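Take a look at the structure set out below.
For clarity, every value in this text was computed on a predicted model and none was experimentally measured.
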Amino acid sequence: MSPVATQPQRITPADLLKLPDSERYDLVDGERVENPTMGSESSWVEGELLCWLANSCAQHCTGRVFPATMGYRCFPEDCERIRHPDVSY
């Protein structure tokens with residue numbers, strides 16, 4: 001008997017947000033895609049950038065800064081795609 005190929009289960013942005021570890025994944029064409037694992041230096045740079053931007057924004061009242069847990073639907077042609085940048089302003 002030959003193996004049967006199964007289609008991966010497609011999920012919606014709402015499904016992704018219900019997952020306890022949703023910030024670890026992007027959503028591409030209805031499939032969860034794990035973000036690449038970061039090393040200590042990359043994580044340090046992310047933290048430094050987050051602190052610098054947050055302090056600057058607070059001092060000048062110019063906006064808000066968000067960590068990697070914030071997901072975005074930034075592709076108008078594909079509302080099923082979500083990205084999690086390391087830092088966003």
Open item on the list: Which heavy atom of C57 sits nearest to which heavy atom of G63, and what is that distance?
Closed with: CB-O, 3.4 Å
Open item on the list: Could you report the tightest heavy-atom contact between R32 and L27, atom names first, then the distance?
Closed with: N-CD1, 4.1 Å
TODO: Considering only Ile, Leu, Val, Met, Phe, Trp and Tyr, and joining two whenever side-chain heavy atoms are under 4.5 Å apart, list the other residues clustered with W52.
DONE: L49, L50, L53, V65, V87, Y89
Task: R73: partners by side-chain contact (heavy atoms from CB on, under 4.5 Å), with sequence neighbours left out - done: P13, I82
